[in-house]
Amino acid sequence: MRKKTLVTVGIAFLLIMIGISVAFFVLWGKMSGSESNGAAIRENVKEKAVSTGGKKVFPLKTFVVNLADAGGKRYLRVGIVLELNEAGLNSEIEENLPLIRDKILMILPSKTFDAIKTFEGKMALKREIMNGLNSLLKEGKISNLYFEEFVVQ
């Protein structure tokens, strides 16, 4: 009877370990599969002009920056879409994309949470970015700027 109990406990332990291993590999596969899918989705989002509602817009890749608050614990994640006043401006923006992204990346981290938390603060940020970007362009102008995403944490 003692031997039978030991065999039963051993088999039960073995089955539990197999179950845990299977669960681990299934979850690991799902997690690594979702990461690779997320990377593929991010890579497919390219910066290029599109036309929506008769307006020519140019979506930029998402920006993530630390804010200028003391301690550097807050960050801003912002998606920006540029509205172009001319169809020909698309090529100029594509040619100057590194300068455009740099200009935005110089403006965003200089802001504090208190400066951008209100509607007025967001509008001032829009104007500052638009003025900075328009100073880089020669053929046309950015007529508006839309925040597609604006998250402060």
Side-chain angles (χ1 to χ4, degrees), residues 14-153:
L14 185 61
L15 289 174
I16 289 171
M17 292 306 292
I18 290 172
I20 289 172
S21 298
V22 168
F24 174 76
F25 284 112
V26 168
L27 289 175
W28 184 266
K30 285 185 179 181
M31 286 178 19
S32 56
S34 66
E35 288 173 7
S36 64
N37 285 344
I41 290 169
R42 283 190 296 278
E43 288 178 0
N44 286 334
V45 177
K46 300 291 183 195
E47 293 171 311
K48 65 179 184 172
V50 294
S51 188
T52 60
K55 296 179 181 181
K56 192 80 166 181
V57 295
F58 195 100
L60 299 172
K61 291 181 183 174
T62 302
F63 295 88
V64 179
V65 298
N66 290 329
L67 292 175
D69 292 311
K73 294 185 179 182
R74 290 190 185 266
Y75 73 89
L76 170 66
R77 179 182 169 101
V78 63
I80 296 175
V81 177
L82 307 174
E83 182 180 318
L84 316 178
N85 70 348
E86 295 179 21
L89 187 56
N90 179 41
S91 61
E92 186 178 6
I93 288 188
E94 287 178 353
E95 290 170 10
N96 291 308
L97 198 53
L99 297 172
I100 288 170
R101 290 190 61 82
D102 178 67
K103 179 68 85 170
I104 294 170
L105 286 170
M106 297 308 288
I107 294 171
L108 292 177
S110 70
K111 303 302 173 195
T112 63
F113 174 70
D114 288 334
I116 61 172
K117 71 180 178 182
T118 64
F119 175 78
E120 293 80 16
K122 289 177 182 71
M123 293 304 291
L125 179 59
K126 272 187 174 191
R127 285 190 298 275
E128 184 177 352
I129 293 172
M130 278 181 51
N131 291 337
L133 297 184
N134 280 330
S135 70
L136 299 172
L137 303 174
K138 294 174 182 33
E139 293 178 20
K141 296 293 177 199
I142 295 167
S143 57
N144 205 347
L145 180 144
Y146 304 104
F147 290 131
E148 191 174 53
E149 174 183 14
F150 199 96
V151 179
V152 179
Q153 195 168 21

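This is a predicted model, so every value here is computed, not measured.
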Look only at the side chain of Asn134 and the backbone of Lys141, and say whether a donor-acceptor pair between them is shorter than 3.5 Å. no

What closest approach, in Å, do Leu99 and Leu136 show between heavy atoms, and which atom pair accounts for it? O-CD1, 3.8 Å

Test your reading of the model: is there a side-chain donor-acceptor pair from Asn131 to the backbone of Arg127, 3.5 Å cut-off? yes

Let's go through Val151 and Tyr75 carefully: what are the C-alpha distance in whole Å and the side-chain angles of both, what is the deciding distance for side chain to side chain contact (heavy atoms under 4.5 Å, CB included) to 0.1 Å, and is it a yes or a no? CA-CA 8 Å; Val151 179; Tyr75 73 89; 5.7 Å; no

Quick check for you: to the nearest 0.5 Å, what is the distance between Lys126 atom NZ and Leu145 atom CG? 6.5 Å

Side-chain donor/acceptor of Glu149 to backbone N/O of Arg77, under 3.5 Å: no

Donor-acceptor pair, Arg101 side chain versus Leu60 backbone, under 3.5 Å? no

Measure from the side-chain N and O atoms of Glu86 to the backbone N and O of Gly140, and report whether any donor-acceptor pair falls under 3.5 Å. no

For residues Phe150 and Leu76, determine if any side-chain heavy atom of one lies less than 4.5 Å from a side-chain heavy atom of the other. yes

Count the heavy atoms belonging to other residues, nucleotides or ligands that lie under 6.0 Å from NZ of Lys103, then report whether that count exceeds 12. no

For Ser110, side-chain contact (heavy atoms from CB on, under 4.5 Å) partners two or more places apart: none

Would Asp114 and Asp69 count as a side chain to side chain contact (heavy atoms under 4.5 Å, CB included) here? Give the steps. CA-CA 9 Å; Asp114 288 334; Asp69 292 311; 5.6 Å; no

Would you find a donor on one side and an acceptor on the other, under 3.5 Å apart, between the side chain of Asn85 and the backbone of Ser143? no

Side-chain touch Val81/Pro59, heavy atoms, less than 4.5 angstrom: yes

Just verifying a value: how many Å separate Gln153 CD and Arg74 CZ, rounded to the nearest 0.5 Å? 9.5 Å

Check against side chain to side chain contact (heavy atoms under 4.5 Å, CB included), Leu125 and Phe147: CA-CA 10 Å; Leu125 179 59; Phe147 290 131; 3.9 Å; yes

What distance do Leu133 atom CG and Ile93 atom CD1 have between them, rounded to the nearest 0.5 Å? 8.0 Å

Worked verdict on Leu67 versus Ile116 for side chain to side chain contact (heavy atoms under 4.5 Å, CB included): CA-CA 10 Å; Leu67 292 175; Ile116 61 172; 3.9 Å; yes

